[in-house]
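All heavy atoms count here, side chains included; hydrogens, waters and symmetry mates do not. Keep in mind that this is a model prediction, so the values were computed, not measured. In what follows, residues are counted from 1 in the order of the sequence shown.
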Amino acid sequence: MALRHWFVFGAALAVLAAVTPARAQAPATPPSEPAPPSGPVYTVTYFDVDPAASRSVSGLLRQFAAATRKEGGNIELLALREIARPGRYAILEGWRDRAARDAHASAMKAIGDKLQ
């Protein structure tokens, strides 16, 4: 009985090989560096300040958010303050691609320097 199953299986393979056209395979190429993602890039930055300075920090973040939203490649920017801890902030950014986010790096460094 087992021999009959092998015969049917072998016959099916022979028919399949006769029906399916032969295809040449390209030689395997060595893996190169993976391409960076081309889609949107999102970042989240958390930071803490002295709660007594939260009013001035909020004003500074409003200006920063308005300027960042006008930059090329910006999809979204949210500046958030935690209610339970008034000195805790988060900046959520969305960029069209990695290049747009990288172009914004100097502005992020400048706001970080101001917050010091």
Review point. Parallel, tilted or perpendicular for F47 and Y89, by the 30°/60° rule?
Key: parallel
Closest non-hydrogen atom pair between [X] and [Y], with its separation:
{"X": "G72", "Y": "R96", "result": "C-NH1, 4.4 Å"}
{"X": "L77", "Y": "R69", "result": "O-NH2, 2.9 Å"}
{"X": "P86", "Y": "R81", "result": "O-CD, 3.4 Å"}
{"X": "A100", "Y": "D97", "result": "N-OD1, 2.9 Å"}
{"X": "V41", "Y": "R98", "result": "CG2-N, 3.5 Å"}

Review point. Does some side-chain heavy atom of K114 sit less than 4.5 Å from a side-chain heavy atom of L60?
Key: yes
Check your understanding: Quick one: do Y46 and I111 end up in the same hydrophobic cluster if we chain Ile, Leu, Val, Met, Phe, Trp and Tyr together by side-chain heavy atoms under 4.5 Å apart?
Key -> no
Check your understanding: How far apart are the C-alpha atoms of R101 and E93, what are their side-chain angles, what is the distance that settles it, and do they pass the side-chain contact (heavy atoms from CB on, under 4.5 Å) test?
Key -> CA-CA 9 Å; R101 190 213 45 202; E93 300 173 275; 5.9 Å; no
**Study point:** Option from L61, L78, V44, T43 for which side chain to side chain contact (heavy atoms under 4.5 Å, CB included) with I91 holds
**Key:** L61
Exercise for review: Step by step, work out the side-chain contact (heavy atoms from CB on, under 4.5 Å) result for W95 and N74.
Suggested key: CA-CA 5 Å; W95 296 95; N74 181 261; 3.5 Å; yes
Check your understanding: Could you go step by step and tell me if E76 and L92 meet the side-chain contact (heavy atoms from CB on, under 4.5 Å) rule?
Key -> CA-CA 8 Å; E76 184 65 39; L92 289 80; over 6 Å; no
Exercise for review: Report the distance from atom OG of S54 to atom CG of D48, rounding to the nearest 0.5 Å.
Suggested key: 12.0 Å
